[in-house]
Asker: 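This is the structure, below, for whatever I ask next.
These numbers come from a predicted model, not from an experiment.
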Amino acid sequence: MRILKLTSVIETNLLRARQQRDLEAERVAGGIIADVRKRGDAALATWTTKLDGIDLRRSRVWISQREITTARKQVSPEFLRAVRHAEQNIRRVAEKQLPRPWSLEVEPGVAISQLVRPIEAIGCYIPGGRFALVSTLLMTVVPAQVAGVNRISVVCPKPNSELLAAAHLLGVTQIARIGGAQAIAALAYGTQSIPRVDKIFGPGNRFVTAAKQLVGSDCAIDLPAGPTEAIILAAKGNPKWIAADLLAQAEHAPDAGSFLVTPSVKLARAVEQEVTEQLTKFPADNPAHASMLETGAILLATSLEAACAFSNRFAPEHLSLPDNPATLLEKISAAGTIFLGPWGAQPLGDYISGSNHVLPTGGWARMRGGLSAADFVKCISVQTIQRHGFKRLADDAVRLAKAEGLLAHANAVEARR
């Protein structure tokens with residue numbers, strides 16, 4: 001793992017690398033989307049066979065309830081208890097996040113209220129590369145259930161027994177054996193067998209991310225999900241624990257970015273040594289090896305304040321503050337999620353703490369936080385204006401309308417006098 005001085009040149013290069021558009025992924029995803037829109041299920045079958053090796057002519061697109069029920073019998077009771085534990089925590093947090101209805105009389109005779117209504121139909125994309133991610137199922141389905149979403153469609157190209165068992169435990173019945181850009185297209189536009197949804201949730205590879213962005217003008221999406229990012233910001237701490245957290249996020253993909261930002265040369269060298277030693281525990285094909293070599297780094301800042309300033313400009317997906325957390329927290333303005341204190345192992349947030357692990361990457365944490373129950377509902381404003389309220393508003397509304405040259409707007413008020 002490299003140790004680099006955090007200079008303006010290094011920072012510029014790091015920020016520039018994550019802002020580059022993946023034109024090749026957009027081109028490939030765009031072609032697949034166009035084909036699915038044109039040929040529907042036929043295109044879905046073609047691309048699923050080509051990219052995932054699944055013949056939808058022999059395997060049904062929708063997984064049967066019998067297969068889901070059977071899967072639950074194939075997993076251990078301990079696994080199911082872990083899923084239930086995570087589900088309970090995620091549900092408790094989501095219930096707290098859910099927007100509430102309210103009503104306000106802004107002036108006599110003029111009341112504004114808020115209705116909270118669930119999105120009618122959503123799609124949950126569950127990556128199925130090296131492993132089907134049970135945690136992503138939990139992080140997308142549970143908040144949707146709390147929000148009251150009526151139809152939840154899950155897609156995963158290669159769901160394993162654990163994923164299907166977790167789906168059964170959550171009461172999910174609609175699981176399609178599809179993935180990639182073709183699954184995103186099917187959810188966004190619908191095919192003969194896949195009903196279209198109103199919003200798509202969940203992370204995926206570069207082609208899935210490109211597809212989500214391309215369909216975003218026709219179907220809402222949660223947020224762009226680029227390569228995983230993690231920053232650990234500390235002047236002191238346990239090198240073994242810090243190295244373990246860096247490796248945990250590096251394991252997601254070869255292009256994941258794991259960084260320790262510190263003013264301490266001593267800590268930097270100790271963590272570098274720990275990363276090297278801990279990497280020997282993992283097989284050679286584990287993505288952490290490539291990530292630590294190519295994209296991850298230990299960045300030496302001139303001070304802890306300079307490290308905080310860099311972190312805010314980077315706006316990482318994951319941020320750990322194991323050292324003096326309360327003091328540092330006041331200085332943080334942008335991060336997807338923050339782990340306070342030395343015991344905040346980042347995988348706890350990935351699985352079971354209750355906070356959602358679908359988080360903004362690529363600097364999006366400057367504009368928004370992670371996924372929450374609020375992303376699954378619509379807040380609708382209701383305006384109740386009585387006669388005496390109308391009289392209080394009418395004159396100024398007409399003046400404002402005429403100032404904008406919108407005479408029909410003024411007329412709609414004046415017609416009621």
Side-chain angles (χ1 to χ4, degrees), residues 90-124 139-153 187-190 195-202 212-224 315 333-336 355-356 358-360 363-417:
I90 296 165
R91 190 174 297 277
R92 290 188 66 191
V93 173
E95 288 170 350
K96 191 73 173 178
Q97 294 170 333
L98 198 64
R100 308 298 175 188
W102 52 261
S103 182
L104 172 69
E105 186 179 58
V106 294
E107 59 182 275
V110 181
I112 306 297
S113 59
Q114 174 174 278
L115 299 178
V116 179
R117 297 289 186 264
I119 295 173
E120 178 64 22
I122 67 157
C124 298
M139 298 292 178
T140 52
V141 168
V142 174
Q145 292 176 334
V146 169
V149 173
N150 181 53
R151 178 163 60 85
I152 301 172
S153 298
L187 290 172
Y189 300 107
R196 68 180 300 170
V197 300
D198 300 312
K199 192 170 183 178
I200 300 172
F201 295 83
K212 285 174 64 178
Q213 292 176 301
L214 290 172
V215 305
S217 59
D218 298 311
C219 178
I221 64 171
D222 50 358
L223 46 83
S333 61
S355 184
N356 206 290
V358 180
L359 300 164
W364 276 83
R366 289 193 297 271
M367 289 78 77
R368 66 154 296 161
L371 197 67
S372 81
D375 290 292
F376 296 84
V377 300
K378 302 159 288 185
C379 294
I380 305 169
S381 63
V382 178
Q383 306 179 50
T384 304
I385 301 173
Q386 300 177 24
R387 184 175 183 179
H388 64 287
F390 171 83
K391 290 180 178 180
R392 295 174 64 91
L393 301 177
D395 288 346
D396 284 342
V398 169
R399 291 187 184 98
L400 292 170
K402 288 183 176 179
E404 292 183 345
L406 299 176
L407 301 183
H409 282 62
N411 179 66
V413 176
E414 291 176 325
R416 287 173 165 78
R417 290 184 189 275

Asker: Which residues pass the side chain to side chain donor-acceptor pair (under 3.5 Å) test with Asp198, sequence neighbours left out?
Answerer: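 So Asp198 forms no side chain to side chain donor-acceptor pair (under 3.5 Å) with any residue.
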Asker: Would you please name every residue forming a side chain to side chain donor-acceptor pair (under 3.5 Å) with Arg387, sequence neighbours left out?
Answerer: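 With neighbours one apart ignored, the set is empty.
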Asker: Evaluate the side-chain proximity of Thr384 to Val382: yes if any heavy-atom separation is below 4.5 Å, no if none is.
Answerer: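 They are in side-chain contact.
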Asker: Checking Gln213 now: which residues fulfil side chain to side chain donor-acceptor pair (under 3.5 Å) with it, not counting sequence neighbours?
Answerer: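 Checked Gln213 against side chain to side chain donor-acceptor pair (under 3.5 Å); zero matches.
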Asker: Closest approach of Ala397 and Val413, non-hydrogen atoms and distance?
Answerer: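 Taking every non-hydrogen atom into account, CB-CG2, 4.4 Å.
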Asker: Using a 3.5 Å cut-off and no angle test, enumerate the donor-acceptor pairs between side-chain atoms of residues 103-123 and protein atoms at least two apart in sequence or in another chain.
Answerer:
from	atom 1	to	atom 2	distance (Å)
Glu107	OE1	Arg392	NE	2.9
Gln114	OE1	Trp102	NE1	3.4
Gln114	NE2	Arg100	O	2.9
Glu120	OE2	Asn150	ND2	2.8

Asker: Is any side-chain heavy atom of Leu98 closer than 4.5 Å to one of Val377?
Answerer: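 In short, these two side chains touch, coming nearer than 4.5 Å.
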Asker: Is the closest side-chain heavy-atom distance between Leu371 and Phe201 below 4.5 Å?
Answerer: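 Sidechains of Phe201 and Leu371: in contact.
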Asker: Would a 4.5 Å heavy-atom cut-off, applied to side chains only, mark Leu400 and Glu404 as touching?
Answerer: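 They are not in side-chain contact.
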Asker: With sequence neighbours left out, what residues match Asp218 under side chain to side chain donor-acceptor pair (under 3.5 Å)?
Answerer: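 With sequence neighbours excluded, Asp218 shows a side chain to side chain donor-acceptor pair (under 3.5 Å) to Tyr189, given in chain and number order.
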Asker: Whether the side chain of Lys212 engages the backbone of Gly202 through a donor-acceptor N/O pair (distance < 3.5 Å, no angle test) should be reported.
Answerer: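 Present.
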Asker: Determine whether more than 12 heavy atoms belonging to other residues, nucleotides or ligands lie under 6.0 Å from atom CZ of Arg92.
Answerer: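 No, CZ of Arg92 has 12 or fewer neighbouring heavy atoms, counting only those of other groups under 6.0 Å.
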Asker: Check Val141 against Cys124 and note the closest heavy-atom contact, atom names and distance.
Answerer: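 Closest pair (atom of Val141, atom of Cys124, distance): CG2-SG, 4.1 Å.
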Asker: Go through the structure and list residues passing salt bridge (charged side-chain N to carboxylate O under 4.0 Å, His left out) with Arg196, not counting sequence neighbours.
Answerer: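 Residues passing salt bridge (charged side-chain N to carboxylate O under 4.0 Å, His left out) with Arg196: none at all.
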Asker: Determine whether Asp222 and Val358 satisfy the following criterion, side chain to side chain contact (heavy atoms under 4.5 Å, CB included), listing intermediate values before the conclusion.
Answerer: CA-CA 9 Å; Asp222 50 358; Val358 180; 3.7 Å; yes
Asker: So, taking the atom named OG1 in Thr140 and the one named CG in Asn356, what distance separates them when rounded to the nearest 0.5 Å?
Answerer: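 Nearest 0.5 Å value for the OG1-CG distance: 8.0 Å.
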Asker: Not counting sequence neighbours, which residues clear side-chain contact (heavy atoms from CB on, under 4.5 Å) with Ala315? List them please.
Answerer: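 Ala334, Ala365, Arg366.
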Asker: If you apply the rule side chain to side chain contact (heavy atoms under 4.5 Å, CB included), what do you find for Glu95 with Val142, and how did you get there?
Answerer: CA-CA 10 Å; Glu95 288 170 350; Val142 174; over 6 Å; no
Asker: Nearest heavy-atom pair of Val93 and Ser355: which atoms, and what distance?
Answerer: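 Closest approach of Val93 to Ser355, heavy atoms only: CG2-N, 4.3 Å.
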Asker: What distance do Lys199 atom NZ and Ile221 atom CD1 have between them, rounded to the nearest 0.5 Å?
Answerer: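 Reported value, rounded in 0.5 Å steps: 9.0 Å.
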Asker: What pairs of residues pass the side-chain hydrogen bond (donor to acceptor under 3.5 Å, both in side chains) test when at least one of them lies in residues 370-382, not counting sequence neighbours?
Answerer: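 Sorted result for residues 370-382: Arg368-Asp375.
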Asker: Which residue pairs satisfy the ring-ring contact (aromatic ring centres under 6.0 Å, His included) criterion with at least one member in residues 382-409, sequence neighbours excluded?
Answerer: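 Listed by first then second residue: nothing to list.
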Asker: If I compare all heavy atoms of Ala373 with all of Pro143, which pair ends up nearest, and what's the gap?
Answerer: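 In terms of heavy atoms, the two residues are closest at CA-CB, 4.2 Å.
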Asker: Kindly write out the residues that satisfy salt bridge (charged side-chain N to carboxylate O under 4.0 Å, His left out) with Arg416, not counting sequence neighbours, or none if the list is empty.
Answerer: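 Here no residue qualifies.
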Asker: Just to verify, what does Lys402 make a salt bridge (charged side-chain N to carboxylate O under 4.0 Å, His left out) with, not counting sequence neighbours?
Answerer: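 Partners of Lys402 under the salt bridge (charged side-chain N to carboxylate O under 4.0 Å, His left out) test: Glu414.
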Asker: Please tell me if the side chains of Leu393 and Ile385 come closer than 4.5 Å, counting only heavy atoms from C-beta onward.
Answerer: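 In contact.
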